[in-house]
Amino acid sequence: MTMAVGFLSLPTELICHILILLHPRDISRCAMTCNIFWLVVQNSVYIQYKLEIYAQGLISTGTVTMNSTGVSKKTLCSLKKLASLWRSDFHATTTFETVVTTAATWGRMLPIQDVKCGLWWSHSLRENKFYIQGCDPNPTLSQTWSIAGDVGSSLTTFDALQDLIVVCSEHPYRVNVTNAKQDYHVCWVEFRLASSQRPHLSAACTSLECKHTFGAPSYYRADLSPPVICGDRVFILYYIEDTDSCHPEPTSGMFIQVINWRKGYVNRHFLCQLDICELDLFYLVDEQKLVIIGPEGLMYLYTLQGLDESPQCRIFHLPKILHLSLYNSQVRIHGHPSLHGKAARPGLMPSYVPSLESQIMVLEFLPEAEKAILVIDMAIFSDMALRPDMVVEIPWSDWGPQYACYFPHHESYHISVFGNKMAYALPQDHIPNPGQRLEGLSSEGYFYVHIWDFNKRVIARSECANDPDSPGLRICKPGRIIDSFGEDIVSNRAYIATVCRTPFPTAGSRIFLEQDRLTVTRARNHEVNIQVISPIQTDVGSDIAE
């Protein structure tokens, strides 16, 4: 009696060799067909590296030697080096340190700061100045730019990579609408070189007018968010209120102005109907997608279609424990910095830019009790996850356990996000137990930076016993949390937790995570101390292709 030998009957090593020849998208599709393929993909270090390279957007130019995985040896070695940096209980070394002297007195308020691609900048509201500091020995990137007087009283946003400042002029407090079919002025938006305050050379026009068509004659007020820059696009979120004292109405809706500042056009879209609008609960995923956190415990994902088409909306329900606190709590959104428009200053770019499938977003909830953070895998927002046949409203049980982690939190803990990693400032130098609550940071003491990595492929490689390059990272899972209705908030997601043994002073400090470095700033009186640290390099072994 003879038996037909099917493909699934082949040895695991041969199946792995065949799968690794496929395109990463096809590998992912195969892994979803049956348990045998899924186990091969999960347990193969080579396949996991190939999927990671694809997710990170690392595309070979074809000018270097390729191996059997379809990527260059140089790219593989770079990825291995980056993956091994934040090892368990790592020690850091200072790679750059400087002090920026300003004329402003910060007092108890920290200055507005940001770090992007190794470039630190601060916006001094009191002086109307931008302070720019390159966090490397290159002195040409260290400058102080004065801001024009008309900018200080306007809504402004600055992008150091594109030398761009977007100025949104103040809008009228009330608009008297007599013709509901007519467009009315909302604001003017200007595009300037931040270094000189002159019109930006890449802009199609020096300014654009944003208009709005109101529903009915009355007196209205438009409340605008500061502009948000993402590459060639600028987004301004706003809502309209009917202020007619005879017929008081609640907020009539949330809208967005989408501006292409290089090509010179602007378009507006209606987003949602909300009783309460919080303009700071707005996060830009990329040039096509944006997220709004609603006070009713919903997370709205909008995907922009064509210029004149309405945005596609998906509604994700948040856990019930957060549903009761959104009306009276402060919510902060932490995410990956926008690195679009990188062509303007390519020398500042990190080794690679994570794609949407390799990023997280952190929601920080600060009610009077039960403070928490919710870490969301942004793969749920990718085109592969958002199928056309998907329902508009998605309950927590259908997405939360697979794509989110819930943790107890304290408002004094600092958070910075880059890609799949979150830098977390905690008062202790050891990994907390699941669900453990820690005390707040001491104003005169020290804190320790923890690096939490939620990359599923990195975790799979660390769990693989046959991985010779596994750094022995500590794999954790969130603790058991009970919501306000007595139900469990279940999460199946694991994460890797590491801690830097170097303590940092708490008072006046901020942290900024990038791929291979951590920037710690400390503001005191007229000075900002900038310290860039990197994990002490370790041997990551030979290239896996060899």
Side-chain angles (χ1 to χ4, degrees), residues 85-94 110 113 115 330-336 360-367 369-376 404-455 458-459 471-481 489 491 493-515 517-523 529 531-536:
L85 283 175
W86 308 100
R87 290 174 177 264
S88 180
D89 301 332
F90 65 91
H91 292 269
T93 179
T94 299
L110 290 176
Q113 303 177 66
V115 173
Q330 182 181 3
V331 182
R332 301 171 185 165
I333 303 178
H334 306 270
H336 182 85
I360 59 171
M361 178 177 70
V362 179
L363 303 183
E364 183 180 8
F365 296 91
L366 302 173
E370 300 297 331
K371 296 175 176 60
I373 59 173
L374 189 67
V375 181
I376 299 173
C405 292
Y406 180 89
F407 300 94
H409 178 62
H410 193 279
E411 60 184 354
S412 65
Y413 300 169
H414 312 309
I415 296 173
S416 180
V417 172
F418 189 93
N420 270 112
K421 296 182 178 66
M422 179 182 76
Y424 204 21
L426 297 179
Q428 298 184 19
D429 61 345
H430 64 266
I431 308 301
N433 295 322
Q436 176 184 356
R437 298 184 181 277
L438 302 177
E439 69 277 6
L441 300 178
S442 171
S443 59
E444 300 296 332
Y446 294 86
F447 68 88
Y448 296 85
V449 177
H450 294 230
I451 306 294
W452 291 1
D453 192 342
F454 295 86
N455 190 317
V458 173
I459 296 171
L473 300 173
R474 178 171 176 182
I475 301 175
C476 307
K477 286 192 176 182
R480 181 170 176 262
I481 303 295
I489 299 180
S491 176
R493 291 297 303 271
Y495 63 99
I496 294 175
T498 65
V499 58
C500 178
R501 293 299 183 183
T502 306
F504 300 96
T506 300
S509 292
R510 290 280 304 277
I511 58 174
F512 302 92
L513 176 66
E514 294 194 280
Q515 188 60 261
R517 57 187 173 264
L518 181 74
T519 303
V520 182
T521 66
R522 188 183 183 200
N529 178 271
Q531 181 183 9
V532 180
I533 68 168
S534 294
I536 295 177

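These numbers were taken from a predicted model, which means no experiment stands behind them. The chain is numbered in sequence order, starting from 1.
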Does atom CD of Glu439 have more than 12 heavy-atom neighbours from other groups under 6.0 Å away?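 More than 12 heavy atoms, drawn from other residues, nucleotides or ligands, come within 6.0 Å of this atom.
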Looking at [X] and [Y], what are the two nearest heavy atoms and their distance?
| X | Y | value |
| --- | --- | --- |
| Arg493 | Cys405 | CB-SG, 3.3 Å |
| Phe512 | Gln113 | CZ-CB, 3.9 Å |
| Leu513 | Leu518 | CA-CD1, 3.9 Å |
| Ala372 | Tyr406 | CB-OH, 3.2 Å |
| Tyr446 | Pro503 | CB-CB, 3.9 Å |
| Gly440 | Pro427 | O-CB, 4.3 Å |

Straight-line distance of [X] [atom1] to [Y] [atom2], nearest 0.5 Å:
| X | Y | atom1 | atom2 | value |
| --- | --- | --- | --- | --- |
| Ile360 | Asp453 | CD1 | CG | 8.0 Å |
| Arg510 | Thr519 | CZ | OG1 | 11.5 Å |
| Leu363 | His334 | CG | NE2 | 9.0 Å |

Please state whether the rings of His450 and Trp452 are parallel, tilted or perpendicular, taking 30° and 60° as the class boundaries. perpendicular
Which residues pass the side-chain contact (heavy atoms from CB on, under 4.5 Å) test with Thr506, not counting sequence neighbours?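 By the side-chain contact (heavy atoms from CB on, under 4.5 Å) rule, Thr506 matches Leu441, Phe447.
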Can you confirm whether [X] sits close enough to [Y] that some side-chain heavy atom of one is under 4.5 Å from a side-chain heavy atom of the other?
| X | Y | value |
| --- | --- | --- |
| Ile373 | Met422 | yes |
| Thr94 | Val532 | no |
| His430 | Val499 | no |
| Leu438 | Tyr413 | yes |
| Leu426 | Tyr448 | no |
| Ile533 | Thr502 | no |

Consider only side-chain N and O atoms of Tyr424 and His409, and report whether a donor and an acceptor are under 3.5 Å apart.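 Yes, a side-chain donor-acceptor pair sits under 3.5 Å.
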Using modelled atom types and a 3.5 Å cut-off, is there a donor and acceptor pairing between side-chain atoms of His336 and backbone atoms of Gly419? yes
Run the salt bridge (Lys or Arg N to Asp or Glu O under 4.0 Å) test against Arg522 and tell me which residues pass, sequence neighbours left out.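 If we apply the salt bridge (Lys or Arg N to Asp or Glu O under 4.0 Å) test to Arg522, skipping adjacent residues, there are no hits.
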Would Phe407 and Tyr495 count as a ring pair (Phe, Tyr, Trp, His ring centres under 6.0 Å) if you check the C-alpha gap in whole Å, the side-chain angles of each, and the deciding distance to 0.1 Å? CA-CA 12 Å; Phe407 300 94; Tyr495 63 99; 5.2 Å; yes
